[in-house]
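Worksheet: the structure to be examined is printed underneath.
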Amino acid sequence: MTDFHYLSDDAGIATILWDQPDTAMNVLTFEALEELSTHLERALADDAVKGIVVTSGKKDFAGGMDLRVLGALRAASASAPGKALFEGLMKMHGVLRRLERAGADPKTGKGGKPVAWASPGTAAGIGLEIALACHRRFVADAPRARLGLPEIKVGLFPGAGGTMRVSRMLGLMASAPILLEGKMMKPAEALDFGLIDEVTEPEALLETARAWVLSAKPDELIKPWDRKGWKMPGGAPYTAPGFPTFVGAAAMVHGRTQGVYPAAKALLSAIYEGALVPFDTALRIEARHFVSVILDPSSEAMIRSLFLSKQALEKGALRPEGVADRKVSRLGVIGAGMMGAGIAQVAAAAGIDVVLLDRDAEAAEAGRAGIAKRLEASVDRGRLAPGARDAALARITAGADMGLLAGADLVIEAVFEDPAVKAPVLSAAEGQLGPQATLATNTSTLPVSGLAKASARPENFIGIHFFSPVDRMMLVEIIRGKQTGDAAVARALDFVRQIGKTPIVVNDARFFYANRCIIPYINEGVMLVAEGVNPVLVEHAATGMGMPLGPLQLVDETSIDLAARIARATSAAGEGRPPSAADDVIFTLEGEGRLGRKAKAGFYAYDEAGKRTGLWPGLAGHWPMAPEQPGVEEVRHRLILIQVLEALRALEEGVLTDVRAGDVGAILGWGFMPWSGGPFSWVDMTGPGRVLEMAEELAARCGPRFAPPALLRDMATGERRFYPGATRRDAA
Ligand code: NAD
């Protein structure tokens with residue numbers, strides 16, 4: 001395989017062109033790194049070569065590192081994975097350092113050849129790290145081009161010199177959005193940050209880079225950190241300006257991450273320690289921290305769920321085999337309320353023609369006007385081009401006539417959550433559709449198989465469950481009813497792919513998967529309050545273990561009346577559910593009109609503007625705090641186990657058919673501790689035996705809701721893993 005190509009010309013410019021075969025986007029492998037190195041040495045050794053242009057044969061430069069390589073490197077040397085990884089990283093540093101020096105004398109910094117980086121589009125991760133080693137960086141002003149180092153989002157940090165180079169170029173504070181948030185930027189923004197040097201017209205990219213190579217001055221070829229007397233912008237740790245910056249950054253990062261993300265900690269340590277030593281030593285420091293992060297079970301789990309599994313699901317891992325591609329070109333959405341309008345918006349933005357219906361034309365138009373307003377806000381924030389906004393809006397036809405659905409490939413119903421309202425809407429819609437069209441419901445609580453009774457073609461009927469707000473939440477739960485056929489599942493998956501979201505496929509059961517797990521989490525938090533546990537302790541225990549919201553804040557956001565409705569419906573459905581102390585709390589707040597954030601009153605108190613001002617002091621009047629409070633670990637165990645056991649039951653009962661969907665769905669659907677890689681990864685990491693012990697102990701103390709499912713017992717007895725080879729925390 002040849003990923004990098006070498007081209008030379010009469011002007012004395014060697015072009016190193018990255019064009020990985022059989023793929024739309026370059027990703028770096030270790031073999032390709034060898035090729036890059038070979039071409040570089042050839043260009044440096046050839047006296048006829050005056051300078052080098054590094055570019056890509058594709059529309060983008062690169063998507064990053066092939067993350068499977070890290071796993072392979074680690075697995076290949078099971079006895080000493082740290083050593084193998086460290087050596088691999090130092091090799092990468094060596095190649096990029098050669099590129100950066102480009103043959104210059106290490107003492108004087110003189111005599112190097114100019115190296116320009118010319119990117120036709122996106123460069124992420126290692127793609128941008130290669131660029132940072134070059135002397136001058138040119139990027140074409142392509143509309144979809146994005147530049148950045150997103151490693152932190154999958155539990156890593158930039159480990160090919162990116163951490164050291166960016167922090168040395170920009171200083172700690174200015175590099176925080178790039179390194180700690182993994183911000184992806186348009187070329188113009190990257191230019192403002194000082195990450196790149198020039199944005200060119202796409203046609204002029206190579207010509208501009210080449211002209212620079214031929215006219216580069218020797219002084220432009222020495223990086224600031226290779227000059228005598230270099231000082232870190234914003235100050236190194238032991239300087240008057242640097243000291244408070246580093247101390248403040250450590251506190252800020254810890255506050256945001258609660259200390260549960262190893263990569264954020266290691267990144268900060270690497271910058272701190274690296275800032276105190278010469279650059280080559282700093283690279284060794286970066287490599288050591290990077291190895292420690294890769295060997296941490298949390299990073300292993302995050303890479304698996306947030307990168308590998310997520311990508312597999314997006315590429316159709318759960319798509320039925322043998323069904324031809326079933327893209328949607330015309331979508332019908334019924335119900336132009338919060339969800340329906342959101343669905344119409346994301347579909348139109350993805351280039352699909354949409355018919356948006358409601359009970360009357362005014363309601364439908366109001367839905368469309370809401371979309372226009374949100375798109376306008378995106379334009380104001382610079383996230384959307386005015387042309388794209390106009391095109392999206394032009395694709396949406398609003399109205400009240402079911403006849404407009406004719407010719408739709410897919411219709412999604414998002415009317416009130418009431419079977420008596422939904423059934424006639426569904427059958428009227430179906431009457432307008434051809435035999436191949438798919439009919440879907442966005443219900444969040446009603447069984448899909450029950451709603452299918454309104455359909456004469458139940459094999460074409462399916463649940464497509466979006467989360468709110470639709471434009472921001474990336475998960476879509478696809479629910480296969482008892483009679484849903486493969487063609488409908490394939491169509492739903494193809495649609496989710498078209499709109500760029502991540503799908504999981506689950507079987508029909510009460511609350512499907514995500515809500516089934518999130519409701520017990522909320523209930524457990526509320527129950528703790530009923531037992532007299534300090535609500536502050538409940539919330540902190542949750543956020544401190546990496547949940548984005550504590551259960552009390554979450555129920556305030558989703559609304560107390562919704563929680564009350566769900567509690568009543570669940571009790572009415574029977575299912576042997578014992579009366580819960582949590583229900584009393586919810587009904588009491590509902591009775592007092594404390595309906596959550598929308599009412600500016602709930603578990604929290606709010607100011608006039610609707611901003612939370614703290615937990616409502618009145619809670620203690622209703623549910624006095626016990627004189628003896630439990631430890632934070634005890635509260636955490638309850639809040640974690642209640643979710644994890646429900647996820648295990650969903651798998652055991654066949655609602656989930658794939659643990660990857662369970663893990664990805666948990667993180668994207670309800671923010672389950674992302675550092676853990678999801679509930680199944682958490683069980684692997686903690687060890688099924690230990691999880692069983694925790695569940696048994698809680699079942700004895702708190703009741704049968706913690707009773708371990710047989711699946712957990714089997715896993716514990718057989719020392720099994722959901723992901724064979726997953727590392728346990730105590731073995732790491
Ligand atoms: P909503 O009240 O904001 O919107 C419902 C819309 O349906 C309203 O505009 C209403 O006028 C319209 N409608 C009602 N009856 C109709 C009929 N017979 N014909 C045409 N239009 C009709 O509700 P929502 O929050 O958008 O929820 C819609 C559906 O999505 C529900 O099934 C809900 O359970 C589900 N859902 C909601 C959420 C959420 O967070 N709100 C999340 C996932 C799924």
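What you are looking at is a predicted structure, and each value in this text was computed from that prediction instead of being measured. We count ligands from 1, going down the list as the structure has it; atoms in each ligand are counted the same way.
Below 4.0 Å from some heavy atom of Lys422 lie the following atoms of ligand 1, by number and element: 31 (C), 32 (O). When each atom of ligand 1 is checked for a heavy atom of His465 under 4.0 Å away, the hits are 43 (C), 44 (C). Remark: ligand 1 atoms within the under-4.0 Å shell around heavy atoms of Val425 are 17 (C), 18 (N), 19 (N). Atoms of ligand 1 lying under 4.0 Å from any heavy atom of Thr443, numbered from 1 in the order shown and given with element: 32 (O).
A distance of 3.5 Å separates CD in Glu417 from OG1 in Thr443, rounded to the nearest 0.5 Å. Atom NE2 of His465 and atom OH of Tyr513 lie 14.0 Å apart (nearest 0.5 Å).
Backbone and side-chain nitrogen or oxygen atoms of Ser444 are examined, and one is located within less than 3.5 angstrom of a nitrogen or oxygen of ligand 1. In terms of polar-atom proximity, Ile334 is not counted as a contact of ligand 1, lacking any N or O under 3.5 Å from an N or O of the ligand.
Nearest to atom 11 (O) of ligand 1 by heavy-atom distance, out of Asn515, Asp358, Thr558, Asp418, is Asp358. When Ala414, Pro424, Gly335 are ranked by how near their heavy atoms come to atom 5 (C) of ligand 1, first place goes to Ala414. Within the set Arg359, Met339, Glu557, Met338, the minimum heavy-atom distance to atom 27 (O) of ligand 1 is found for Met339. Residue Val415 holds the heavy atom nearest to atom 31 (C) of ligand 1 of all those in Val415, Asn442, Thr441.
Side-chain atoms of Phe467 and Met474, non-hydrogen and from C-beta on, never get closer than 4.5 Å to each other. Counting only heavy atoms from C-beta outward, the side chains of Ile518 and Leu554 approach each other to under 4.5 Å. Counting only heavy atoms from C-beta outward, the side chains of Arg319 and Pro503 never approach each other to under 4.5 Å. Counting only heavy atoms from C-beta outward, the side chains of Phe672 and Val644 approach each other to under 4.5 Å. The side-chain heavy atoms of Met339 and Val470, taken from C-beta on, include a pair separated by under 4.5 Å. Using a 4.5 Å heavy-atom cutoff, the side chains of Val411 and Leu331 are not in contact. Side-chain contact check for Trp623 versus Pro535: every heavy-atom pair is 4.5 Å or farther apart.
Among all protein heavy atoms, the one lying closest to atom 6 (C) of ligand 1 is Gly337 N, 3.7 Å. The nearest heavy-atom contact from the protein to atom 2 (O) of ligand 1 is Phe416 CE2, 3.5 Å. Among protein heavy atoms, atom 43 (C) of ligand 1 sits closest to Phe466 O, 3.1 Å. When hydrogens are left out, the protein atom nearest atom 33 (C) of ligand 1 is Glu417 OE1, 3.7 Å; that is the closest non-hydrogen contact.
For atom 40 (O) of ligand 1, the nearest protein heavy atom lies closer than 4.0 Å.
Geometrically, Arg304 engages Tyr723 in a cation-pi contact, judged by NZ or CZ lying under 6.0 Å from the ring centre and within 45° of the ring axis.
Proximity of Phe467 to ligand 1 is not established, as no heavy-atom distance is less than 4.0 Å. Under a 4.0 Å heavy-atom criterion, Ala363 is not in contact with ligand 1. Heavy atoms of Leu357 come nearer than 4.0 angstrom to ligand 1 in no pair at all.
The aromatic ring centres of Trp616 and Tyr606 sit 6.0 Å or more apart.
The two residues Gly340 and Val333 make their nearest non-hydrogen contact at O-CG1, 3.5 Å.
Using a 4.0 Å cut-off between heavy atoms, Val421 contacts ligand 1 through its side chain alone, with no backbone atom that close.
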